[in-house]
Asker: 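Encoded as structure tokens, here's the structure I'll be asking about.
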Amino acid sequence: MSDDVRVRFAPSPTGYLHIGGARTALFNYLFARHHNGKFILRIEDTDRSRSTDEYIEAIIDGMKWLNLDYDEGPFRQTGRTELYRQYVNRLLEEGRAYYCYCSAEELESKRKLAAAAGKPPRYDGTCRDLKNPAVEIKPVVRFKMPQSGSTVVDDLIKGKIVYENSVFDDFIIMRSDDTPTYNFVVVVDDLEMGITHIIRGDDHLNNTPKQMHIYEAFDHTPPKFAHLPMILGSDKARLSKRHGATSVQAYREMGYLPEALLNYLVRLGWSHSDQEIFSKAELIEKFSLEHVGSSAAVFNPEKLLWMNGEYMKAKSPAELRQFLEFYKANLKLPGFNSSGTAHNIPPAITFSDVKATMPHMTASGTRGPVESNTQMEPINLDKTWEEKAIKTLQERSRTIVELANSMHYYIEEDVAIDEKAGKKFLTSETKPYLTALIERLTALEDFTSKEIEAVFMGLMAEFNVQLGKIAQPARVAITGNTVSPGIFEVIELVGKERTIKRLQKALRSIL
RNA sequence: GUCCCCAUCGUCUAGUCCGGCCCAGGACAUCGGCCUUUCACGUCGGUAACACGGGUUCGAAUCCCGUUGGGGACGCCA
């Protein structure tokens, strides 16, 4: 039974792939992989006016970036109207559906009337048994819902839900322009594609009984349903743009790693006792619908940031360098000449954008954007050297953007010295240390962190001071700030020439 | 308005199905200590929750009913 599982992710291309959609896709993906089934991508583009190719592209790109590979698809609905038409005709012939000639205006006023009377706004069935149609009006097709009894949805997550059939009306399955509507199309497509489990957001819960009756009209047992709780913003309202970034693309641009995003998302609603970090293989092995909670979850960017940091530490420098390429091409990073190939990514975001969307990124301990727009010589980055540099930075960077940001003092010819840091550490008191340091480093043949450390040790003994006394001024002079990886390694990576140049410049600023 | 769903620390959650091991565990955030030859990292610890009211039971976070609160759906959108 397990290899029969077929699930699908069916986004409508009316926007970018967003966080909620990504989680739905992920749960479907994990369910399929866990059961050795098939995962299908289907684009719900029946709404011709709001669907755009750009969004379809973006959704596919997002899936690719997240590494949610599908076995079939992407399928689209445009061009399949003939198929839907056939299904509608069958219903019509069997008397399970009928033409309705009511105008949109009439319906609207009926809805208003019902609402005013405190009744659910439903279609009153005027045309249900109509004998003499008003031919001059192009009709819609409505599906005959049962008028008495009840319908039970046995949801894998929510449990048994009972609906009184009296709350339903005969809903439209085909518009007057001959295009089918969503509630009908999903059923036909899911049926055609042999979908066994429908895993989707619980905003679709109330559509389920309607769809179940369509399955029945086609003599089909409905698939199993699993309705995922929603993801909310910090104010517990449905997650939207005003809560900040909501598209997967935006998180990519802010320097998040796909695995980290996925790992964070899976914990919104699903759990495996106390475990927080899961490899993909673990997720596939452990995922089960039984452990999906039933209440909505608030999206918490801080925890995502933490989790991304964990993944930053775990990645190899080589992998991280790959990710960095994306930002070199798409961001105007100080120190990177932006000659990278242009990706098909919307407008490159700037650091101030990042700052605006992620307020916590400017919190203490996080290096803010470098404002200078200094035009420097393009530096040819040696891979080995670059990976070495990344290695020193990765454990203290929570995002790729932070990492890229910190790279500037390795790459640029010169650094701008933070005013506060300079004032505190580049003083007449520290001047002798710097002077001596320049002297020793200049004389140093073997410019390695080990030898550099020895230099500092010697100076400590000579001046009889703690390492901090010498290291901090040096750090400020060389990196421009008080926070950086171990100073010996930094000096080695910056190299002899630039190190000495920066130290000398700092020295001059003291005068 | 009508229908549906939901309800454990600020947030994500474990525990709820099969009541006792829970005066409620973990994680993020936050606060404090420790470590340290540099910045960081790290590490140890603290604050903090079963929405409320009724039942059922020897015993309820766990079962039942109600209240309140939140969310969703009610379209010739998906």
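No hydrogens, no waters, no symmetry mates; every other heavy atom, side chains included, goes into these values. Order of the sequence lines fixes the chain letters, A, B, ..., with proteins taken first and strands second; residue numbering starts at 1 for each chain.
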Asker: Record whether the side chain of A/Thr482 comes under 3.5 Å of the base of B/C39 through a donor-acceptor pair of N or O atoms.
Answerer: no
Asker: Hey, is the side chain of A/Lys313 poking within less than 4.0 Å of OP1 or OP2 on B/G42, counting only N and O atoms?
Answerer: yes
Asker: Please tell me which of the listed nucleotides, B/U38, B/C4, B/A78, lies nearest to the side chain of A/Tyr163?
Answerer: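 It is B/C4.
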Asker: Inspect the contact between A/Glu310 and A/Lys313 and indicate whether a charged nitrogen and a carboxylate oxygen are less than 4.0 angstrom apart.
Answerer: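 Result for this pair is yes, salt bridge flagged.
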Asker: Atom pairs under 3.5 Å, N or O on each side, protein against nucleotides 17-20 of chain B: can you list them with distances?
Answerer:
none

Asker: A/Asn206 CG to B/G75 P: how many Å, rounded?
Answerer: 12 Å
Asker: For B/C39, does either OP1 or OP2 sit under 4.0 Å from a side-chain N or O belonging to A/Ser484?
Answerer: no
Asker: Test salt bridge (charged side-chain N to carboxylate O under 4.0 Å, His left out) on A/Glu108 and A/Arg111; report intermediate values, then the result.
Answerer: CA-CA 5 Å; A/Glu108 183 55 34; A/Arg111 261 196 295 274; 3.0 Å; yes
Asker: So does A/Ile411 get a backbone contact from the side chain of A/Arg498, meaning a donor-acceptor N/O pair under 3.5 Å?
Answerer: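 Yes; judged by distance alone, with no hydrogens or angles, the pair exists.
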Asker: Please determine if a side-chain N or O atom of A/Lys469 lies less than 4.0 Å away from the OP1 or OP2 oxygen of B/U37.
Answerer: no
Asker: For atom P, what is the distance between B/A60 and B/C50, given to the nearest Å?
Answerer: 16 Å
Asker: Pair up each side-chain donor or acceptor in residues 463-470 of chain A with any protein partner under 3.5 Å, not counting sequence neighbours, and list the distances.
Answerer:
none

Asker: Spell out protein contact along nucleotides 27-32 of chain B as letters: B when the base is contacted, S when just the sugar-phosphate is, - when no protein heavy atom is under 4.0 Å; keep the 5' to 3' order.
Answerer: BSS---
Asker: Looking at A/Glu489 and A/Lys391, is there a salt bridge between them, counting it only when a charged N and a carboxylate O are closer than 4.0 Å?
Answerer: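 A/Glu489 and A/Lys391: not salt-bridged.
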Asker: Starting at CD of A/Glu105 and ending at P of B/G75, how long is that distance when rounded to a whole Å?
Answerer: 16 Å
Asker: Can you tell me the distance, in whole Å, between the CD1 atom of A/Ile157 and the P atom of B/U16?
Answerer: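 Atom-to-atom, A/Ile157 to B/U16, this comes out as 18 Å.
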Asker: Between A/Arg42 and A/Glu192, is the closest basic N to carboxylate O distance under 4.0 Å?
Answerer: no
Asker: Rounded to whole angstrom, note down the P distance from B/U62 over to B/A78.
Answerer: 43 Å
Asker: Does OP1 or OP2 of B/A73 have a side-chain N or O of A/Arg200 closer than 4.0 Å?
Answerer: no
Asker: Are the aromatic rings of A/Tyr264 and A/Phe299 close, with centres under 6.0 Å apart?
Answerer: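 Yes.
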Asker: Given atom CD1 of A/Ile277 and atom P of B/U13, what is their separation to the nearest angstrom?
Answerer: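 Checked: the CD1 to P distance equals 16 Å.
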Asker: How long is the line joining CE of A/Met312 and P of B/C41, in whole Å?
Answerer: 15 Å
